[in-house]
2 protein chains.
Amino acid sequence: MNTFTEENYLKAIYHLSLQSESVSTNQIAAALNTKAASVTDMLKKLADKELINYAKYQGVTLTPSGEKIAISIIRKHRLWEYFLVEKLNFKWDEVHDVAEELEHISSKELIDRLDNFMGNPRYDPHGDPIPDSNGLFKTHELKPVSALTTNEKGIISGVRDHSSAFLQYLERMQLTIGKTIKVAEINDYDHSVILLVEDKKIHISREVANNLLISI
Amino acid sequence: MNTFTEENYLKAIYHLSLQSESVSTNQIAAALNTKAASVTDMLKKLADKELINYAKYQGVTLTPSGEKIAISIIRKHRLWEYFLVEKLNFKWDEVHDVAEELEHISSKELIDRLDNFMGNPRYDPHGDPIPDSNGLFKTHELKPVSALTTNEKGIISGVRDHSSAFLQYLERMQLTIGKTIKVAEINDYDHSVILLVEDKKIHISREVANNLLISI
DNA sequence: TAAAATTTTTAGATTAGTCTAAAATTATTA
DNA sequence: TAATAATTTTAGACTAATCTAAAAATTTTA
Ligand SMILES: [Mn+2]
Ligand SMILES: [Mn+2]
Ligand SMILES: [Mn+2]
Ligand SMILES: [Mn+2]
């Protein structure tokens, strides 16, 4: 139907659209580790297929059919990640690259059966919501730990940085999805935060506080 | 490491090698639904990578490293088929095409974990042996039902034809892997066979008898 | 064993995706 | 608002995989 590459472009545009409405050529090039010239070529092709709205120099948005494809790729990515962690005992920092391959397996029947096999999970191992078979899901609004003030509480529910380095760090600090945290103290000088997690004090930097997401 | 296409060529050469020692350009072209000229181009590339032994006009054989890759693809194919049937409840005639995609997922860690998750099955849903993590497996020698004489018994253990049409036919006739059969009668004229399966008589044509494999 | 048939390879194109370098457009800023 | 900077597109080239048509090699057959 669509090539591997087209799917990756659509997915990248989808993710970038969450930040900035219209998406620029350079943003896409950066996200896909490719060059602006290559992106322009692909944008023409995707526009021909009516998967994106594209006017030269003006940036792009997804059309409804482009968005549908992007969401189906994301559904597959997140369900496979869930499978890898819950059934095959991978760690949450080990699954992304494998899921990048698995997300391109085309069978819808396969992914719907996999979804049922696992009991229709709603969130992937990193707290990201999994679209259902019809592409529906609610983007739960999470805020970073850095948005809390002293004595406020939250439940760790997602991450802004999906890198192995960050995930491994969180794992070591026992800052994993589902844990309840309370802000014990905020350092005025460097904005680092001392959290109370299961009665233990955990000191995290401002950067970590920015990338760790909570619900209330 | 290698492209999908290279992997498909190696796998095709491996399967054809089981029949004919050295494999011809046209055999490969037929197996992969492509043209002889395309095959020649690819053979040069595989030879450059030392995955096949190739001398112009002389046909090809796999090198040890080529064979190792082919077997790893077959391992993945058969394990995924097992997963689809045993865990996701696909029918045995529905899994081949999906496995054709899944077999190219590169992670060895993934496939080894999947293997363990399923309890290290030795045969896929069609009775074909699954290579272990080191690529080892014994090619069990099966013979077709048509090789039996009257009153001989056997256990259905494999198929020579993997087409959906044939598999669905067997399913309808309840001629599935593991069943014990006994030859009740062989028709001299058309070589059709009457089998006794669980005390029921099942009449199959010579063609079916040729494509249904048994162990003793 | 020489002609005919078949198989295989080469030659030359095509398509998808990528690149660098240069040109065109848009945005910034002085 | 005109020059400068940054972004984006175009032009032209490259690689991988494919094709058709023609040439070369091998095999068959008479
Ligand atoms: Mn991921
Ligand atoms: Mn994830
Ligand atoms: Mn198969
Ligand atoms: Mn099989």
Side-chain angles (χ1 to χ4, degrees), chain A residues 1-14 16-17 19-62 66 69-70 73 100-101 103-106, chain B residues 1-14 16-17 19-62 66 69-70 73 100-101 103-106:
Chain A
M1 191 172 71
N2 300 286
T3 66
F4 201 94
T5 310
E6 288 170 346
E7 291 183 347
N8 283 335
Y9 271 83
L10 292 172
K11 187 176 57 142
I13 293 165
Y14 179 88
L16 292 167
S17 297
Q19 302 273 324
S20 55
E21 183 63 28
S22 169
V23 176
S24 75
T25 301
N26 268 357
Q27 282 180 295
I28 298 168
L32 294 175
N33 253 291
T34 184
K35 297 296 152 72
S38 308
V39 173
T40 299
D41 284 346
M42 181 58 78
L43 294 184
K44 286 180 196 164
K45 201 208 292 190
L46 294 173
D48 283 347
K49 292 188 165 194
E50 299 188 45
L51 299 172
I52 61 172
N53 305 113
Y54 171 55
K56 272 190 197 175
Y57 295 100
Q58 301 317 138
V60 298
T61 57
L62 292 175
I69 293 169
I73 305 299
E100 285 291 305
E101 292 186 51
E103 73 190 5
H104 300 290
I105 302 295
S106 60
Chain B
M1 192 171 71
N2 300 285
T3 65
F4 281 26
T5 309
E6 288 171 346
E7 291 184 345
N8 283 334
Y9 271 82
L10 294 173
K11 187 176 57 143
I13 294 166
Y14 179 89
L16 291 167
S17 297
Q19 302 272 325
S20 56
E21 182 64 27
S22 170
V23 177
S24 75
T25 300
N26 268 356
Q27 282 180 294
I28 298 168
L32 294 175
N33 253 292
T34 183
K35 295 297 151 71
S38 308
V39 173
T40 299
D41 284 346
M42 181 58 79
L43 294 183
K44 287 180 196 163
K45 202 209 290 191
L46 295 173
D48 282 347
K49 291 188 166 194
E50 299 187 47
L51 299 172
I52 61 171
N53 305 113
Y54 171 56
K56 271 189 195 175
Y57 295 100
Q58 302 317 141
V60 298
T61 57
L62 292 175
I69 293 168
I73 305 300
E100 285 291 305
E101 291 186 52
E103 72 189 7
H104 300 290
I105 301 296
S106 60

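The chains referred to below are lettered A, B, ... by the order of the sequence lines, with proteins before strands, and numbering in each begins at 1. Keep in mind that the numbers below use all heavy atoms, side chains included, and drop hydrogens, waters and symmetry copies.
Distance, Q27(A) CD to dT8(D) C1': 13 Å, rounded to whole Å. Rounded to a whole Å, the CG atom of L32(A) is 15 Å from the C1' atom of dC19(C). Atom P of nucleotide dA21(C) and atom NZ of K35(A) are separated by 10 Å, given to the nearest angstrom. Following rounding to the nearest Å, D41(A) (CG) and dC14(D) (C1') show an atom-to-atom distance of 13 Å. As rounded to whole Å, 6 Å separates atom P of dT26(D) from atom CD of Q58(B). When the P atom of dT8(D) is taken as reference, atom CE of M42(A) falls 17 Å away, rounded to whole Å. Per the geometry, CG belonging to N8(A) stands 14 Å off C1' belonging to dA16(C), to the nearest Å. As a whole-Å value, the separation of K56(A) NZ from dT8(D) P is 14 Å.
Side-chain atoms of S22(A) and Q58(A) include no donor-acceptor pair closer than 3.5 Å.
With a 3.5 Å ceiling on both atom-pair distances, the Watson-Crick or G-U wobble partner of dA16(D) is dT15(C).
Residue K44(B) has no polar side-chain atom (N or O) positioned under 4.0 Å from OP1 or OP2 of dT9(C). OP1 or OP2 of dT18(D) lies within a sub-4.0 Å distance of a side-chain N or O belonging to Y9(B). In this structure, N26(A) reaches the dT8(D) phosphate: one of its side-chain N or O atoms is under 4.0 Å from OP1 or OP2. Considering only side-chain N and O atoms, T25(A) lies under 4.0 angstrom from the phosphate OP1 or OP2 of dT9(D).
Among the atoms of the strands shown, base atoms are found under 4.0 Å from some heavy atom of S38(B). Using a 4.0 Å heavy-atom cutoff across all strands shown, T5(A) reaches sugar-phosphate atoms only and no base atom. Residue contacts for Y54(A): at a heavy-atom cut-off of 4.0 Å it reaches the sugar-phosphate backbone alone, with no base atom in range.
Between A37(A) and T3(A), the residue whose closest nucleotide on DNA chain C is further toward the 5' end is T3(A).
The aromatic rings of F4(A) and F4(B) stand perpendicular to each other, their planes meeting at an angle above 60°, with 30° marking the opposite boundary.
Across all non-hydrogen atoms, the minimal contact from H104(B) to E7(B) is ND1-OE1, 2.6 Å.
With respect to Y9(A), the side-chain contact (heavy atoms from CB on, under 4.5 Å) criterion is satisfied by exactly one of I52(A), L32(A), N2(A), L51(A): L32(A).
Nearest to the side-chain atoms of Y57(B) among the listed nucleotides dT25(C), dT18(C), dA25(D) stands dA25(D).
For the atom pair NZ (K49(B)) and CD (E6(B)), the distance works out to 3.5 Å, reported to the nearest 0.5 Å.
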